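Everything numeric here is computed off the predicted structure, so don't read it as measured data. Values below: every heavy atom of this structure, side chains too, minus hydrogens, waters and symmetry copies. Start at 1 and go down the list; that is how both ligands and their atoms are numbered. Along the sequence shown, residues carry numbers from 1.
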Amino acid sequence: MSLKDKLGEKIDAWRPRTTKLLKEHGAVKVSDVTIAQAIGGARGVRCLVTDISYLDPNEGIRFRGMTIPETLEALPKVPGSDMPYVEGHIWLLLTGDVPTESEVKELVKDLQKRAKVPGYVWDVLRAMEGDSHPMAMFSTAIVAMERESVYRQAYDKGLGKMDHWQPTLEDALNMWARLPYIGAFIYRLKYKGDKQIDPDPKLDLGGNFAHMMGIEPPYDDVARLYFILHSDHESGNVSAHTGHLIGSALSDPYYAISGMVNGLAGPLHGLANQEVLRWIQGVMEQMGGKIPSEEEMKQFVWDTLNSGQVVPGFGHAVLRKTDPRYTEQRNFCLKHLPDDDIFKYVDLLYKVVPPILEEQGKAKNPWPNVDAQSGVIQWYYGLREYDFYTVLFAIGRALGVLSNIVWDRALGYPIERPKSVTTAMLEDVAAGK
Ligand code: CMX
């Protein structure tokens, strides 16, 4: 069965559940909001719905009910590789089912056919200043492609609300096929003298990305792992929430994903992966390349905290344990690059940072997140331009955010519009008025 037919079946079966909840139980409370939550970024307020992934504070992410190791185990593997097809993960995120080999292969072929990026996108990128950040370039390229939106064209012709998901899926599939190509193009434009490598129409998404980046295997598996790990982290994080919010106005998916990229580009969110490498490089410079002792490393961490900065790669708004995405990448490092110097730094940080953050007593979660570990793998395989790392995160994150937007449209979620209050109103509430 094709992805679209399968998804159509799932959507038809799901809609009555949402309708019933709204009609029969719409007044039941899910969450109360405290003053701390209203001022403090709505932390922990349960007011978003997604079935694509769920983040348990102690266990970490589950994609469609499966942990990361379960997901990697269950999805069909690319022949000769340790990692699954990214396309299989797309199928899982969208439908909730693990695809068969033939279903994955059909989706691989479908995305291969959609991978052509219009030439004007390259012109736009080449017109940008040489010191533009890769995330600014990525976001610009995506919004420049907005005129390709199948959703917007269908909307302009008049589209019934229940049919919105279908052209949204078309946009999602086109973007999934093209974003790795655009990412690799930006990389080679910015750092490799614009010597571009054409896509290989026979390769899967992860394999083709590695090929266009010009990096040898097993970087193809690194790309597959990386895109899957970063795909989704339920809906409240800045990138996922931004994508959902923009999409809720029925702005088409190109606008939504360009906005998602902009949110991911913040150092408290996805940009933390470049910040980790930048921080480590700073320490390396000061150490003259030698690995610091535990005591020396503790001093570097305290110096960062005492100067009022955050330690990148540690802490999380929801997680209260080591991020399983960190663990999965750490296991990869232990297998493939146990003696790498930067991995030794990262591992030493794993040892020294959590007790320091606990001693400082501010961070609610002293444990490492996904970004603490991801740069070291990229560095090891030759991708040393660390300001590019968040583009990799963005290609991955678009898998989950676009899947969510398809479902948002399928279930007819309305425009998002929370209510604000004034400080005086909060003072009145505090005074019991
Ligand atoms: N280093 C220093 N201080 C930290 C810290 C860290 N790694 N993590 C949290 N804190 C501080 C916060 O800045 C905050 O300080 P103030 O009270 O002075 O404002 C205090 O501890 C409480 O914060 P929190 O409730 O534990 O964390 P938040 O939910 O507000 O923020 C996060 C979460 C991720 C932004 C924060 O932990 C942080 O800044 N981490 C470093 C940056 C990072 O790695 N971000 C990537 C996260 C994963 C991702 O989205 O990609």
Exercise check, heavy-atom protein proximity under 4.0 Å to [atom]:
atom: atom 51 (O) of ligand 1; value: yes
atom: atom 43 (C) of ligand 1; value: yes
atom: atom 32 (C) of ligand 1; value: no
atom: atom 18 (O) of ligand 1; value: yes

Using a strict 4.0 Å cut-off to heavy atoms of [X], name the atoms of ligand 1 that fall inside it.
X: Gly313; result: 43 (C), 44 (O)
X: Phe393; result: 51 (O)
X: Ala272; result: 43 (C), 44 (O), 45 (N), 46 (C)

Give the residue and atom name of whichever protein heavy atom lies nearest to [atom], and the separation in Å to one decimal.
atom: atom 30 (O) of ligand 1; answer: Arg43 NH2, 3.2 Å
atom: atom 8 (N) of ligand 1; answer: Ala363 CB, 3.7 Å
atom: atom 41 (C) of ligand 1; answer: Phe314 O, 3.2 Å
atom: atom 1 (N) of ligand 1; answer: Val311 N, 2.9 Å
atom: atom 27 (O) of ligand 1; answer: His316 O, 4.5 Å
atom: atom 14 (C) of ligand 1; answer: Lys362 CE, 4.5 Å
atom: atom 25 (O) of ligand 1; answer: Lys364 NZ, 2.7 Å
atom: atom 47 (C) of ligand 1; answer: Asn369 ND2, 3.4 Å

Validation row, ring centre [X] to ring centre [Y] under 6.0 Å:
X: Phe209; Y: Tyr181; result: no
X: Phe185; Y: Trp122; result: yes
X: Tyr151; Y: Trp165; result: no

Should the pair [X]-[Y] be classified as a salt bridge under the 4.0 Å nitrogen-to-oxygen rule?
X: Arg126; Y: Asp194; value: yes
X: Asp347; Y: Lys344; value: no
X: Lys10; Y: Asp97; value: yes
X: Lys433; Y: Glu427; value: no
X: Glu294; Y: Lys351; value: yes
X: Asp110; Y: Arg114; value: yes
X: Asp204; Y: Arg224; value: yes

I want to confirm something. Looking only at heavy atoms, which of Leu268, Asn273, Leu271 is nearest to atom 35 (C) of ligand 1?
Leu268
Pick whichever of Asp371, Thr390, Val370, Asn237 has a heavy atom sitting closest to atom 48 (C) of ligand 1.
Asp371
One residue to check: [X]. Relative to ligand 1, which of side chain, backbone, both or neither has a non-hydrogen atom less than 4.0 Å away?
X: Val310; value: both
X: His233; value: neither
X: Ala317; value: both

For the side chain of Ser31 and the backbone of Arg46, is there at least one donor-acceptor N/O pair under 3.5 Å apart?
yes
Rounded distance (nearest 0.5 Å) linking atom CD of Glu103 with atom CG of Leu3:
9.0 Å
State whether the shortest distance between N or O atoms of Pro312 and N or O atoms of ligand 1 falls below 3.5 angstrom.
no
Taking N or O atoms only and a 3.5 Å limit, does Gln360 qualify as a polar contact for ligand 1?
no
Consider ligand 1: state whether an atom of it lies below 4.0 angstrom from any non-hydrogen atom of Leu305.
yes
Is a side-chain donor-acceptor pair under 3.5 Å present for His241 with Glu234?
no
Hydrogens and angles aside, do Trp407 and Thr50 bring a side-chain donor and acceptor to less than 3.5 Å of each other?
no
